[in-house]
Peer 1: 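Have a look at the structure that comes next, please.
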Amino acid sequence: MLYYNKLFYKECQEIQNKELHNILQNTVYNIPGYFYIIPSSSSGKYHPEDELSDGGLLLHTLKTVKVAEVLAPMYSLTEYELELCKVALLLHDSCKSGKITNCGHTEFLHPIFAAELVVESNPKNKIAKKVAKLIKTHMGIWTTSKYSKYKLQKPKTKLQKFVHLCDYVASRKDFQVKI
């Protein structure tokens, strides 16, 4: 688990754009502590086996960034667009089990909570709002839950769809992303 923590902070340090780096740094400071230690899936249904133990959510997060790096040339992303997506991916599940404390399961509204965390950690920052928009739609077509009356937004833009795709590919049980 400590290994994944080091890799996470290494990924954060590799963001070259100063404004994106600052947004990431400000937000990481406010991520709930449980993010670094919980499995990626509370039920075990939707993520590969190596993500189902302690530190699994952090491992999943690292995998999404790896997928983004591999797919970016196919989408003709600029370096800035890739970094924007990487920041969103590094933060997309930061509130997966609740905005402040671990509720013990995946919180359906976690994309909203994570997006709010980015904006609240970077007040009046227009770029932070762009990152938040990418995070809000990372669930793709899974916009409803029988446990919630709310409906999440579907990705519409090229970058929103790209962030969703990276998250989706990284979470497949039958697809291995090596870190």
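Throughout, numbering of the chain's residues begins at 1 and tracks the sequence. The shown structure was predicted, so the numbers you read here are calculated from the model rather than taken from an experiment.
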Peer 1: I'd like to know if the side chain of S40 and the backbone of E51 have a donor-acceptor N/O pair within less than 3.5 Å.
Peer 2: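 Answer holds: yes.
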
Peer 1: Going by the side-chain contact (heavy atoms from CB on, under 4.5 Å) test, name the single residue among V131, L90, N122, V119 that passes it with T27.
Peer 2: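 For T27, the side-chain contact (heavy atoms from CB on, under 4.5 Å) test succeeds with only one of V131, L90, N122, V119, which is N122.
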
Peer 1: Cluster question for you: counting only ILVMFWY and a side-chain heavy-atom cut-off of under 4.5 Å, with indirect links fine, are Y46 and F108 together?
Peer 2: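 In one cluster: no.
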
Peer 1: With sequence neighbours left out, write down each residue that passes side-chain contact (heavy atoms from CB on, under 4.5 Å) with N17, or none if nothing qualifies.
Peer 2: E19, L20, Y80, E83

Peer 1: Is I15 close to Q25 at the side-chain level, that is, under 4.5 Å between some pair of heavy atoms?
Peer 2: no

Peer 1: Between F162 and C85, what is the shortest heavy-atom contact and its length?
Peer 2: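 For F162 versus C85, the nearest heavy atoms are CD2-SG, 3.7 Å.
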
Peer 1: By salt bridge (charged side-chain N to carboxylate O under 4.0 Å, His left out), which residues pair with E81, not counting sequence neighbours?
Peer 2: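 Salt bridge (charged side-chain N to carboxylate O under 4.0 Å, His left out) check on E81 returns nothing, list empty.
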
Peer 1: Are any non-hydrogen side-chain atoms of L59 and L7 less than 4.5 angstrom apart?
Peer 2: no

Peer 1: Treating Ile, Leu, Val, Met, Phe, Trp and Tyr as nodes and any side-chain heavy-atom pair under 4.5 angstrom as an edge, say whether Y34 and I135 lie in one connected cluster.
Peer 2: yes

Peer 1: Are any side-chain N or O atoms of K63 and backbone N or O atoms of I179, one a donor and one an acceptor, separated by less than 3.5 Å?
Peer 2: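 No, because the side chain of K63 does not come within donor-acceptor range (under 3.5 Å) of the backbone of I179.
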
Peer 1: I need the T64 OG1 to D93 CG distance, nearest 0.5 Å.
Peer 2: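 Those atoms lie 8.0 Å apart.
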
Peer 1: Show which side-chain atoms of residues 140-155 pair as donor or acceptor with protein atoms under 3.5 Å away, not counting sequence neighbours.
Peer 2:
residue: S145; atom: OG; partner: Y147; partner atom: N; Å: 3.0
residue: S148; atom: OG; partner: Y150; partner atom: N; Å: 3.1

Peer 1: Compare every heavy atom of F113 with every heavy atom of C95, then report the nearest pair and how far apart it is.
Peer 2: CB-CB, 3.7 Å

Peer 1: Suppose we screen for salt bridge (charged side-chain N to carboxylate O under 4.0 Å, His left out). Which residues come up paired with K136, at least two apart in sequence or across chains?
Peer 2: none

Peer 1: If you take all heavy atoms of K96 and H47, which pair is closest and at what distance?
Peer 2: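 So the minimum-distance heavy-atom pair works out to NZ-NE2, 3.4 Å.
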
Peer 1: Holding to salt bridge (charged side-chain N to carboxylate O under 4.0 Å, His left out), I want the full list of residues that pass it with E14, two or more places apart in sequence or in another chain.
Peer 2: K10

Peer 1: If hydrophobic clusters are built from ILVMFWY residues whose side chains come within less than 4.5 Å, do V118 and I127 share one?
Peer 2: yes

Peer 1: Test: side chain to side chain donor-acceptor pair (under 3.5 Å). Region: residues 97-106. Which pairs qualify, not counting sequence neighbours?
Peer 2: K99-E116, K99-E120

Peer 1: Report yes if the side chains of T61 and L89 come closer than 4.5 Å at any heavy-atom pair, otherwise no.
Peer 2: no

Peer 1: Taking only residues two or more places apart in sequence, or in another chain, which ones meet N22 in a side chain to side chain donor-acceptor pair (under 3.5 Å)?
Peer 2: none

Peer 1: Under the rule for side-chain contact (heavy atoms from CB on, under 4.5 Å), what residues qualify as partners of V67, not counting sequence neighbours?
Peer 2: L71, C166, V169, A170, V177

Peer 1: Could you pull out the closest heavy-atom pair between N30 and S121, with the gap in Å?
Peer 2: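 In terms of heavy atoms, the two residues are closest at ND2-OG, 2.9 Å.
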
Peer 1: Taking the side chain as everything from C-beta on, heavy atoms only, tell me whether L91 gets closer than 4.5 Å to V28.
Peer 2: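 A side-chain contact under 4.5 Å exists here.
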
Peer 1: Suppose we screen for ring-ring contact (aromatic ring centres under 6.0 Å, His included). Which residues come up paired with F35, at least two apart in sequence or across chains?
Peer 2: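 Result, ring-ring contact (aromatic ring centres under 6.0 Å, His included) vs F35: F8.
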
Peer 1: Could you walk me through whether K158 and L77 pass side chain to side chain contact (heavy atoms under 4.5 Å, CB included), step by step?
Peer 2: CA-CA 10 Å; K158 172 182 155 182; L77 297 188; 3.5 Å; yes

Peer 1: How long is the straight-line distance from CG of L117 back to CD1 of I112, given to the nearest 0.5 Å?
Peer 2: 13.0 Å

Peer 1: Could you list the residues that satisfy salt bridge (charged side-chain N to carboxylate O under 4.0 Å, His left out) with K86, not counting sequence neighbours?
Peer 2: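 Here the qualifying residues are E69.
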
Peer 1: Looking at CG of L84 and CG of L134, how far apart are the two atoms once the value is rounded to the nearest 0.5 Å?
Peer 2: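 Nearest 0.5 Å value for the CG-CG distance: 5.0 Å.
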
Peer 1: Could you name each residue pair satisfying side chain to side chain donor-acceptor pair (under 3.5 Å) that touches residues 161-176, not counting sequence neighbours?
Peer 2: H60-D167, H92-D167

Peer 1: Considering non-hydrogen atoms only, spot the tightest contact between G98 and P32 and give its length.
Peer 2: O-CG, 4.0 Å

Peer 1: Do V70 and L159 share a hydrophobic cluster (ILVMFWY, side-chain heavy atoms under 4.5 Å, transitive)?
Peer 2: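 No, because V70 and L159 fall into different hydrophobic clusters, even though each may have its own neighbours under 4.5 Å.
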
Peer 1: More than 12 foreign heavy atoms under 6.0 Å from OH of Y75: is that the case here?
Peer 2: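 No, OH of Y75 has 12 or fewer neighbouring heavy atoms, counting only those of other groups under 6.0 Å.
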
Peer 1: Check for me, please, whether L165 and V65 land in the same ILVMFWY cluster - side-chain distances under 4.5 Å, paths through other members count.
Peer 2: yes

Peer 1: What pairs meet the ring-ring contact (aromatic ring centres under 6.0 Å, His included) rule with one or both residues in residues 9-32, with sequence neighbours excluded?
Peer 2: none

